[in-house]
Engineer: 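Just dropping this structure here.
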2 protein chains.
Amino acid sequence: MRAREAWSLVLELLLAERRRVPAIAGALRLSAAQCHVLRHLEPGKPVPMRRVAEALACDASNVTGIVDRLEARGLLERRAAAHDRRVRVVVITRRGAAVRARLVARLAAPPPAIARLSPAEQRTLCAILRRALPPSRSG
Amino acid sequence: MRAREAWSLVLELLLAERRRVPAIAGALRLSAAQCHVLRHLEPGKPVPMRRVAEALACDASNVTGIVDRLEARGLLERRAAAHDRRVRVVVITRRGAAVRARLVARLAAPPPAIARLSPAEQRTLCAILRRALPPSRSG
DNA sequence: TATTGTTATACTCTATAACTATA
DNA sequence: TATAGTTATAGAGTATAACAATA
């Protein structure tokens, strides 16, 4: 059973890259949670607050403050939902989309650990990870 | 170049397992940062505060509070270092070591994504990740 | 009655700056 | 002068509980 060893190696990689998100976030004057929200908001696709809370995997009460701060910077907007007046949806603004694009680009840059692998190893890694991850997944 | 794709898949796995550490921490009534500290402290091996800060990759001023709370629960102790009276070292207690053992065991349990891979895939994954990770690494 | 979003509250992590005691 | 640890401070994330508006 190599599952434990494989997992411990993944954890190690995870630990090695632990500062990556905070560092990229900081360079864009964002927090990690704010990055998650921006990343989750595709331009032109409104998302209810409740869905944002699920994406962040945190209590809904926290989303109020996180969205407040993003809205104050003009990176997203709150709107009323037509079908249910209890619901408020969040939409990324043009300015927010520009920040999001930079964010996504920086996150996508592979770290040294991945870059140092040979093309063949990278292909194999892709194949295995595609098998490992559940089929239904959202960025 | 599959590096970007491989990295995006690793990020996805990372995202999928994002709640793992907080969840395990919470079950042991610890924060994520406190878990990192306990994990870093091998029984019988004192570590200077400064090294703890490096392990957490945060400013040294934060370590004071984190260690304070662990010390208040009797999970570790502060001691004076013999060679340099400015330095204080941290040592895990017997009680702390017991909590640490449970913590490490739970962290080590492979998640579904890894467990669903075949033994051959797991072996290959191990081999690739060992190549990816720098040789000098500490848990 | 149940759900959505908010507010109030309390705790922890985080960085920066200033301080002390050593070196 | 420089370093190790602390304190003070401010800002952000987190959970729980209570609340108003709506379903």
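Everything quoted here is computed from the prediction, not taken from an experiment. Note that these values count all heavy atoms, side chains included, but never hydrogens, waters or copies made by symmetry. A note on names: the letters A, B, ... follow the listed sequences, proteins ahead of strands, and every chain is numbered from 1.
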Engineer: Say whether, by atom type as modelled, one donor and one acceptor occur between the side chain of A:Trp7 and the main chain of B:Leu107 under 3.5 angstrom.
Structural biologist: yes
Engineer: Does A:Glu5 come within less than 4.0 Å of B:Arg130, counting only side-chain N to carboxylate O?
Structural biologist: yes
Engineer: Between D:dA21 atom P and A:Arg78 atom CZ, what is the distance in whole Å?
Structural biologist: 17 Å
Engineer: Would you tell me if any nitrogen or oxygen in the side chain of A:Arg88 comes within less than 4.0 Å of OP1 or OP2 on C:dT6?
Structural biologist: yes
Engineer: For A:Arg51, which contact category applies under a 4.0 Å heavy-atom criterion: base, sugar-phosphate, or nothing?
Structural biologist: nothing
Engineer: Mind calculating the distance between CG (A:Asp68) and P (C:dT6) to the nearest angstrom?
Structural biologist: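 About 7 Å, once rounded to whole Å.
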Engineer: Checking contacts here: which listed nucleotide (D:dT3, D:dA21, C:dT6) is nearest the side-chain heavy atoms of B:Arg86?
Structural biologist: D:dT3
Engineer: Between B:Ala132 and A:Ala113, which heavy-atom pair has the shortest distance, and what is it?
Structural biologist: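 For B:Ala132 versus A:Ala113, the nearest heavy atoms are CB-O, 3.2 Å.
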Engineer: Please check if the side chain of B:Gln122 supplies one atom and the backbone of B:Ile114 the other of a donor-acceptor pair under 3.5 Å.
Structural biologist: yes
Engineer: Any sub-3.5 Å donor-acceptor pair from A:Gln34's side-chain atoms to A:Ser31's backbone N or O?
Structural biologist: yes
Engineer: What is the distance from CZ of A:Arg85 to P of D:dA21, rounded to the nearest Å?
Structural biologist: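 So the two atoms are 12 Å apart, to the nearest Å.
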Engineer: Could you check how far NE2 of A:His36 sits from P of D:dA12, rounded to whole Å?
Structural biologist: 17 Å
Engineer: How long is the line joining CD of B:Glu71 and P of D:dG5, in whole Å?
Structural biologist: 13 Å
Engineer: I'd like a table of atom pairs between the protein and nucleotides 11-15 of chain C - only N or O on both sides, under 3.5 Å - with the distance next to each one.
Structural biologist:
residue, atom, partner, partner atom, Å
C:dC13, OP1, B:Ser31, OG, 2.3
C:dC13, OP2, B:Arg69, NE, 2.9
C:dC13, OP2, B:Arg69, NH2, 2.4
C:dA15, OP2, B:Asp59, N, 2.6
C:dA15, OP2, B:Asn62, ND2, 2.7
C:dA15, N7, B:Asn62, OD1, 2.9

Engineer: Rounded to whole Å, how long is the line connecting atom CZ of A:Arg50 with atom C1' of D:dA23?
Structural biologist: 14 Å
Engineer: Determine yes or no for a side-chain-to-main-chain donor-acceptor pair under 3.5 angstrom, with A:Glu17 supplying the side chain and A:Pro111 the backbone.
Structural biologist: no
Engineer: Return the value, rounded to whole Å, for the distance between atom CG of A:Leu30 and atom P of D:dA12.
Structural biologist: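 Going from A:Leu30 (CG) to D:dA12 (P), I get 11 Å.
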Engineer: Round to the nearest Å and state the distance from A:Glu54 atom CD to C:dT4 atom C1'.
Structural biologist: 12 Å
Engineer: Please confirm whether the backbone N or O of B:Ser118 pairs with a side-chain atom of B:Glu121, one donor and one acceptor, at under 3.5 Å?
Structural biologist: yes
Engineer: Given D:dA23, C:dG5, D:dG5, identify the nucleotide with an atom nearest to the side chain of A:Thr64.
Structural biologist: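 My answer, after comparing the listed nucleotides, is C:dG5.
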